[in-house]
Amino acid sequence: MDPATLSRILTAETLAFHIIWATIGVGVPVFISMAEVWGIYKKDNHYILMARRWTRGFVITVAVGVVTGTCIGLMLSLLWPQFMQLAGNVISLPLFMETFAFFFEAIFLGIYLYTWDRFKKPIYHWLTSIPIVIGASISAVFITMVNAFMNTPAGFQLTKDGTLTDIQPIKAMFNPATPSKVFHVLSSAYLTAAFLLAAIAAYHILKGKKHVYYKKALKLTMFIGLGMALMTALAGDLSGKFLAVYQPEKLAAAEWHFETQREAPLILGGYLDENHQIKGAIEIPLALSILGKGKPSGEIVGLNDFPQEEWPPLYIHYLFDGMVLIGAYLILISALFLFLNWRKKKSSWHPWMMRGILWGAPLSFLAIELGWIYAEVGRQPWIIRGIMKTTHGATTADHVGTLILLFSLLYIALAIIATGVLIRLFRGHTAEQELKERGMAD
């Protein structure tokens, strides 16, 4: 394979691994902070303990996220030198601010970790969690701005010889893609964290643990999880409307929409024959026009209006379908649990419900992966849409294949070590034991 293809493979592998830890790093601090403040307000030690235990696990994921985030920085310099040469001056500010946000988060994380039980009023300790939440979320915002720029480049003038002049970094950061992308990234990270923590509680309940700690953790995470699932659905709707205006070819490829038309249907599933005829799909009348333009009569541009060499790969249709179906599942399972619990039904704690919530964690991470693949592959063949194609931004050096092997070994080692540390951190040290050790009442 040529260096450009190998560079794409290594970058994709790095992003796919990093996004797992980055999502946890962005989402979990919100739940740590909420659990602690709710415990302080209710004078309930169970919620305080949730914050303590979640923080321990969070620190491990932050460490892995730092390593993989550094790898991404290396990828930009090593594998995409032409891209960085062209766009480096434009995107350097959000890249710098992302690093600053991480250091801001790390400083207060250290303060938060080492000041448990040091304040007479616990609320002061909780206040130190707020900068952690802000730092983690703002870090995601800045790096998402870089990705948004690649989709809707702004804040510069393009000269005839292909260089960028009159650079305006703030305008580049707040390009048209930024609002919808940031909203989608943050809401989906919070949603995934909710189901990750809920799945841990559900797993213990499935194992026969009846302590109220686990039930409280599950109710808290599912309550927030439902809200975040609905927010993510709203973010998806806004993203569809953004794509219809700024990246119509990506929306058309995702929906196998070939001819420009009004009252366009939304296509789920199916397959294409050699003539691009859709077979075996579920068709929802008017839904694509509503998604893209907010009204049934909205006109959706078809793929045939674009040169075929600029079409995104058509398999992104299945990525889009996967995100939609997983999102619907997460809304339904969290809403069903909360409804049954509100009605005080025993079935809310039934093993089938616990298994349904448990499956929500890997499915939510899968949706994150599908979303990022859709975002990146759906922009192809461009690395900067309309300005630079991906093949022109990649390195021409040899030995990228060797780098793939080395970084693959690194990611495997990190996954094994981090998972092992997390298991050893909590195995044999249950919440019930810790409550007794700390003299906390049930």
Side-chain angles (χ1 to χ4, degrees), residues 1-19 72 75-76 78-87 90-91 143-154 158 162 164 175-178 180-181 184-185 236 239-240 242-258 267 271-272 276 292 300-324 367-396 400-401 404:
M1 286 186 282
D2 61 277
T5 302
L6 291 172
S7 295
R8 290 185 65 187
I9 291 172
L10 179 52
T11 304
E13 179 186 31
T14 302
L15 286 171
F17 187 69
H18 173 71
I19 199 65
I72 291 174
M75 300 299 159
L76 288 174
L78 291 175
L79 303 181
W80 306 102
Q82 305 305 319
F83 163 73
M84 289 301 292
Q85 183 178 359
L86 179 67
V90 186
I91 64 174
I143 204 65
T144 303
M145 285 176 167
V146 175
N147 183 266
F149 168 82
M150 296 163 70
N151 286 274
T152 52
L158 183 65
L164 307 185
N175 61 79
T178 293
S180 60
K181 276 191 168 291
H184 210 155
V185 165
S239 294
F242 159 78
L243 292 174
V245 175
Y246 292 97
Q247 289 182 288
E249 73 283 2
K250 182 188 285 191
L251 181 63
E255 283 304 309
W256 288 347
H257 182 69
F258 295 96
I267 304 298
Y271 64 95
L272 292 173
H276 289 155
I300 303 298
V301 178
L303 270 178
N304 288 334
D305 285 15
F306 301 93
Q308 193 160 350
E309 63 271 15
E310 294 184 6
W311 287 11
L314 297 181
Y315 69 78
I316 66 172
H317 169 73
Y318 297 112
L319 307 179
F320 183 87
D321 284 358
M323 286 189 293
V324 171
I368 290 284
E369 297 284 5
L370 293 177
W372 275 105
I373 296 171
Y374 171 68
E376 296 304 294
V377 175
R379 190 180 61 247
Q380 299 307 313
W382 304 100
I383 190 169
I384 306 176
R385 184 178 180 271
I387 295 177
M388 174 181 278
K389 291 193 173 181
T390 303
T391 53
H392 298 156
T395 181
T396 57
V400 179
I404 292 177

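For Thr396, the side-chain hydrogen bond (donor to acceptor under 3.5 Å, both in side chains) criterion is met by no residue, not counting sequence neighbours. Evaluation of the ring-ring contact (aromatic ring centres under 6.0 Å, His included) rule for His257 yields no partner, not counting sequence neighbours. Residues satisfying the ring-ring contact (aromatic ring centres under 6.0 Å, His included) test with Trp256, not counting sequence neighbours, are His317, Tyr318. Residues passing the side chain to side chain contact (heavy atoms under 4.5 Å, CB included) test with Glu13, sequence neighbours excluded: Leu10, Ile404, Ser408, Tyr411. Partners of Glu249 by side chain to side chain contact (heavy atoms under 4.5 Å, CB included), not counting sequence neighbours, listed by chain and number: Gln247, Leu303, Phe306, Pro312, Arg385. Residues that satisfy the ring-ring contact (aromatic ring centres under 6.0 Å, His included) test with His392, not counting sequence neighbours, are absent from this structure. Residues satisfying the side-chain hydrogen bond (donor to acceptor under 3.5 Å, both in side chains) test with Thr152, not counting sequence neighbours, are Asn175. In this structure, the side chain to side chain contact (heavy atoms under 4.5 Å, CB included) partners of Leu78, at least two apart in sequence or on a different chain, are Leu74. Glu369 meets the salt bridge (charged side-chain N to carboxylate O under 4.0 Å, His left out) test with no other residue; sequence neighbours excluded. Listed by chain and residue number, Phe242 satisfy the ring-ring contact (aromatic ring centres under 6.0 Å, His included) test with Tyr246 (two or more places apart in sequence, or in another chain). Judged as a side chain to side chain contact (heavy atoms under 4.5 Å, CB included), and not counting sequence neighbours, the contacts of Thr390 are Arg8, Trp80, Gln380, Ile383.
Taking both residues in full, the closest heavy atoms of Asn151 and Asn147 are given as ND2-O, 2.8 Å, listed atom of the first, atom of the second, then distance. Counting all heavy atoms, side chain and backbone alike, Leu251 lies closest to Gly292 at CD2-CA, 4.4 Å. The minimum heavy-atom distance between Met84 and Leu76, with the atom names listed, is CG-O, 3.2 Å.
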Are Trp311 and His276 close enough, and set up right, to give a ring pair (Phe, Tyr, Trp, His ring centres under 6.0 Å), and what steps lead you there?
CA-CA 13 Å; Trp311 287 11; His276 289 155; 5.6 Å; yes
Apply side chain to side chain contact (heavy atoms under 4.5 Å, CB included) to Phe320 and Ile267, showing your working.
CA-CA 10 Å; Phe320 183 87; Ile267 304 298; over 6 Å; no
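Once rounded to the nearest 0.5 Å, the distance linking CG of Leu272 with CG of Leu314 reads 6.0 Å.
Counting heavy atoms from C-beta outward, Ile72 and Ile143 have side chains that stay 4.5 Å or more apart. Side-chain contact between Val90 and Phe149: present, with at least one pair of heavy atoms (C-beta onward) separated by less than 4.5 Å.
Screening residues 309-320 for salt bridge (Lys or Arg N to Asp or Glu O under 4.0 Å), with sequence neighbours left out, gives no hits.
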